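Scroll down for the structure; my scribbles are underneath it.
In this text the structure is predicted, and so the values were computed from the model without any measurement. In listed order, ligands and their atoms are each counted from 1.
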Amino acid sequence: MRIGIVCYPTFGGSGVLATELGKALAEKNHQVHFITYQQPVRLNEFNANIFYHEVRVPTYPLFDYPPYETALASTMVDVIVNQHLDLLHVHYAIPHASAAYMAKQIILKTTGKNIPVITTLHGTDITLVGRDKTYAPVVTFSINESDAITAVSDNLREETYKSFKIEKDIEVIHNFVDVSRFRKKGIDAFRRVIAPNGERILMHASNFRKIKRIDDVVRIFANVVKQVPSKLLFVGDGPERPAAESLSRDLGICDEIRFVGKQEQIEEILAISDLFLLTSDYESFGLAALEAMAAGVPVISTNAGGLPEINIHGETGFLSPVGDVAGMSQHAIDLLSNEDMLNRFKINAMKQSDRFDIHNIVPIYEDLYNRFL
Ligand code: GMT
C-alpha cells in the first residue's frame, strides 16, 4: 500500500505515535510518505520504504500569519497525485483533518479519484484546542467528512462524542509501543552517575505544559525523598520548566533533581528508573506511561482520561485523583520501600504493556486501511 501520514513532527505523543506507525508499516513493506513541516524526531533511520515530503510555507510581508494549512493541503495534493497514494492517514485533527478534506476535494474534482482520509484523534485536538469555539465548527465538519475516524482510547472516543456532533462511528485503536525496544538492561555506570549511593530513581517525561502539572511531580518527590533516598529525572522541556526549577530550589531539593532536556533515547533512561510519575490534569492515553511500563517501570499517575485503560491500580502502579499530591506521594513511598511489591509491579507493568505491543496494534490499522482499498 502507498500511505500518506500527516502529523506534528515534534516530541508530542501524536507525532511519536504517527512516526512509529509509519516506521512499522514500512517494515511490513508498505510505502510510507510523511508529509509535515519538519523531519519527525523519531524518523531517525534510513528505510527504503520511507519518504519525507516537507511542507514549505513561503512568507510574504503581507502575511502576519503564513497560511500553513493551505501549504499543507497543496503538498498533500502534490504527494497524493505524484506518489500515487492509496490513502491519507492524518494524526491530530487540527489542522490536518481540514487540510485533508481540502486536498480530497481538489483531487476528486481534478482527477476523479476519491482518496480515503483516515483521521486519528489524539487528545488535546479534542479536549482543549478543538473545543475552543474558534476551531470547533471546522473540527466538527472535517472529522465528519473523514472516511474513518479513530481515537486512541475509549475515553477520548466518549469525550469526542460529548464535545462535537459526530455522525459517524469512532473506532478505538489504542496507542502502541515497540516493547522490544524498551526491554533494556540499565547501564550500571549510567545509574551510578545519577544515583551514586544507590538511591531510587524517579522519572517524569513530557512537554512540560500546564496540563502535565509538573509542580505536583516536584511536590511528590519532595515528600518521597524525605523517606526514601532518591533522585528525580525530568526528561523533556517546555513552558513550565522554570517554575518547576524554582519550586525545587524553594523546597531545598534541587540537588536531587536533574533536568536532562529532550532525549531521543528515552529507553536508556527508563532502563535505570524505578518509578514513573504522571500527574496530568488529562491524558487521552498517556503514551509516556505505556513506554515506562514496557521498560518495566511502574507508574504513579492520576486517574484522568484514558490513564485507567493502561495503568492498573494496585497492579502496574497506582492511580489517584488529579492534584492528590499526598496520595500519590504515599503510593510512591509504599512502592519504593517494598522490594517485593516493586518487583511484582515491574513484572505486571511489562505484561500489561505487551497487550499494547506494536505487533498487536499495527495490524488493526492495516485492516482498517484494507477496508478502503
Ligand atoms: O499532550 C501531549 O503530550 C501531546 C499530545 C499530542 O497529541 O501530541 O498527546 C496526546 O496524544 C498522545 C498520543 O496519542 C497521548 O498519549 C496523550 O495522552 C495525549 N495528550 C493529552 O491528551 C493531554
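Remark: ligand 1 atoms within the under-4.0 Å shell around heavy atoms of Tyr92 are 7 (O). Distances below 4.0 Å separate heavy atoms of Lys212 from the following atoms of ligand 1: 1 (O), 2 (C), 3 (O). Near Gly12, with a cut-off below 4.0 Å to any heavy atom, the atoms of ligand 1 are 8 (O). Of all the atoms in ligand 1, the ones that sit under 4.0 Å from a non-hydrogen atom of Thr124 are 23 (C). Set against the non-hydrogen atoms of Gly123, the atoms of ligand 1 under 4.0 Å away are 22 (O).
Inclusion of Tyr282 in the set of residues having an N or O under 3.5 Å from an N or O of ligand 1 is not warranted. Ligand 1 has an N or O atom lying under 3.5 Å from an N or O atom of Phe285, backbone or side chain. For ligand 1, the polar-atom distance check finds no N/O of Leu17 at less than 3.5 Å from any of the ligand's N/O atoms.
Under a 3.5 Å cut-off, the side chain of Asn82 and the backbone N or O of Asp78 do form a donor-acceptor pair. Here the side chain of Lys104 pairs a donor or acceptor atom with the backbone of Ile115 at under 3.5 angstrom. In this structure, Tyr8 contributes its side chain and Ser14 its backbone to no donor-acceptor pair below 3.5 Å.
Heavy-atom distances between Gly286 and ligand 1 reach below 4.0 Å in at least one pair.
The closest side-chain donor-acceptor pair between Asn348 and Thr316, if any, does not fall under 3.5 angstrom. For the 3.5 Å distance criterion, the side chains of His53 and Thr75 fail to qualify, holding no donor opposite an acceptor.
If you look at Tyr8 next to ligand 1, there are no close heavy atoms at all, none under 4.0 Å. Under 4.0 angstrom from ligand 1, the non-hydrogen atoms of Asn207 all belong to its side chain.
Exactly one of His89, His174, His30 qualifies for a ring-ring contact (aromatic ring centres under 6.0 Å, His included) with Tyr365. That residue is His89. When each of Val217, Ile266, Ile194, Leu278 is tested with Met203 by the rule side chain to side chain contact (heavy atoms under 4.5 Å, CB included), just one qualifies, namely Ile266. The residue from Phe221, Phe234, Phe259 that alone fulfils the ring-ring contact (aromatic ring centres under 6.0 Å, His included) condition with His204 is Phe234.
With hydrogens left out, the protein atom closest to atom 14 (O) of ligand 1 is His122 ND1, 2.6 Å, a heavy atom. Taking atom 18 (O) of ligand 1 as the reference point, the nearest protein heavy-atom neighbour is Glu283 OE1, 2.5 Å.
One option in Arg209, Glu291, His91 has a heavy atom closer to atom 4 (C) of ligand 1 than any other, and that option is Arg209. Ranked by closest heavy atom to atom 15 (C) of ligand 1, the top entry among Gly306, Ser284, Gly13 is Ser284. Counting only non-hydrogen atoms, the option in Asn175, Leu287, Val152 that gets closest to atom 13 (C) of ligand 1 is Asn175.
Following chains of ILVMFWY side-chain contacts shorter than 4.5 Å, one cannot reach Ile347 starting from Leu290, and the two form parts of different hydrophobic clusters. No single ILVMFWY cluster, assembled from side-chain heavy atoms under 4.5 Å apart, contains both Ile149 and Phe141.
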